[in-house]
K.L.:
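I have a structure I would like to understand better, so I am pasting it below and will then ask my questions one at a time.
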Amino acid sequence: MTEPTRALPLVLTPPKGRGKPPRHLADLDATERKAAAADLGEPVFRVKQVAHHYFARLERDPAQMTDLPAASRDRIAGALLPDLLDQVRVMEADGGTTRKTLWRLFDGSLVESVLMRYPDRATICVSSQAGCGMACPFCATGQGGLQRNMSTAEIIDQVVDGAAAMAKGLVPGGPGRLSNVVFMGMGEPMANYKAVIGAVRRMVAPAPDGLGLSARNITVSTVGLVPRMKQLATEGIPVTLALSLHAPDDELRNELVPINTRFSVAEVVEAAWEYAKVTKRRVSIEYAMMRDINDQAWRADMLADVLNSYGDWGWVHVNLIPLNPTPGSKWTASRPEDEREFVRRLVARGIPTTVRDTRGSDIDGACGQLAAADA
Ligand code: SAH
């Protein structure tokens, strides 16, 4: 008798010595907070006090939490607010109103966030993964591959840090409020869905359960992972969805956004339209303008036709991003006259169109330039 053949179990072992980021208050929902209090042998209101410090006062230093008993302050705050982000470097541009921070995570992974203050708002651009697996050839992050997903708290802590910088007046313009969050840093947010939606929940929950931000001021940007876009539409949190399209035709998009071979232009645009229909939120189509690659006048017409085929009820607008060239890339930004003509054609076909500013490009802090590996 021969041994029965056994299929090898498919075990995906994480690299040694890594494991998960420490558990943090921002990872916990209401039930988990209760359990955490029990673990600490403390009443639930102690956790609520810490939550008030973290989410409402943007305070992370236990010494400042004077309403906690002095004897147990460090133990309680230490257990609920472990350090997640170790600041490696801050770079400033635009007179200090753009600040890029490089963070080292507990396992040595490096990620970046960018805080941008405008006259009427302050936006933080956060990372959701260390690296990215989507391999878009024009994007700096895409070149290094994916290291790992970030936890909800690792995402939230970037926002809390930005909100604290605003509140403390560390950004020129006096003390202010962080109003907007964009998931346009490193990573593909829809490939780390659970942690990202957890972070979104914490952002919109009123203090002391969360940061009390408005869902419409949160933008989730995606290459177009269709099942996740559909799921996002069912969450009942009307965040703004941005779809990184970059080409209206599959032939070119297969090259620029390789995941297009799985989810085609027609499928991703349909999912974006569905999102707009369900949430009543206008979807943003991101289109990085690359000279002589995707910026031809006929492609503007084609883009308008693709979008208009879902109706012209204002469900979509196009946001053109001047390409930020990344080192060694063969792509460069469009000529001004080509960009103007592209805009003109979209507008002529009824598509609201904006051109994004290139804040922070001189500190490699603009869209697609975040590449922590070279730090
Ligand atoms: N993975 C998400 C978030 C990425 S960054 C996504 O793809 O949407 C946010 C935007 O910056 C995306 O639209 C991305 O395609 C764009 N981008 C990437 N590299 C760029 C570059 N070098 N110049 C301009 N925009 C870029």
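Counting starts at 1 for both ligands and their atoms, in listed order.
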K.L.:
Report the part of M134 in contact with ligand 1, treating N, CA, C, O as backbone and CB onward as side chain, heavy atoms under 4.0 Å; options are side chain, backbone, both, neither.
P.N.:
neither
K.L.:
Do the side chain of Q129 and the main chain of E188 share a donor and acceptor less than 3.5 angstrom apart?
P.N.:
yes
K.L.:
For ligand 1, is there an N or O atom under 3.5 Å from any N or O atom of T222?
P.N.:
yes
K.L.:
Verify whether one side chain among Y193 and N149 offers a donor that lies under 3.5 Å from an acceptor in the other.
P.N.:
no
K.L.:
When E154 is tested against each of R104, R202, R23, R148 for salt bridge (charged side-chain N to carboxylate O under 4.0 Å, His left out), which residue passes?
P.N.:
R148
K.L.:
Below 3.5 angstrom, do we get any N/O pair linking I321 and ligand 1?
P.N.:
no
K.L.:
Is any side-chain heavy atom of K280 closer than 4.5 Å to one of P238?
P.N.:
no
K.L.:
List every atom of ligand 1 that sits less than 4.0 Å from any heavy atom of H246, numbering the atoms from 1 in the order shown and giving each element.
P.N.:
13 (O), 14 (C), 15 (O)
K.L.:
Counting from 1, what ligand 1 atoms have a heavy atom of L323 closer than 4.0 Å?
P.N.:
21 (C), 22 (N), 23 (N), 24 (C)
K.L.:
Can M190 be said to touch ligand 1, with heavy atoms closer than 4.0 Å?
P.N.:
no
K.L.:
For the CD atom of E337 and the CG atom of D295, what is their distance to the nearest 0.5 Å?
P.N.:
9.5 Å
K.L.:
If only atom types and distance count, is the side chain of R281 paired as donor or acceptor with the main-chain N or O of L241 below 3.5 Å?
P.N.:
no
K.L.:
Just jot down the ligand 1 atoms closer than 4.0 angstrom to any heavy atom of G187, in number order.
P.N.:
1 (N), 2 (C), 3 (C)
K.L.:
Of the choices R356, M184, E286, M290, which has the non-hydrogen atom that lies closest to atom 9 (C) of ligand 1?
P.N.:
M184
K.L.:
Check each atom of ligand 1 against the heavy atoms of V223 and keep those under 4.0 Å away; list them by number with element.
P.N.:
6 (C), 7 (O), 8 (O)
K.L.:
Measuring from atom SG of C125 to atom NZ of K100, what distance do you get when rounded to the nearest 0.5 angstrom?
P.N.:
11.0 Å
K.L.:
Quick check on contacts: which atoms of ligand 1 are under 4.0 angstrom from a heavy atom of C139?
P.N.:
18 (C), 19 (N)
K.L.:
One pair to check against side-chain contact (heavy atoms from CB on, under 4.5 Å): T222 and M229. What are the steps and the verdict?
P.N.:
CA-CA 8 Å; T222 180; M229 293 166 77; 4.1 Å; yes
K.L.:
Pairs of nitrogen or oxygen atoms closer than 3.5 Å, one from E188 and one from ligand 1: do any exist?
P.N.:
yes
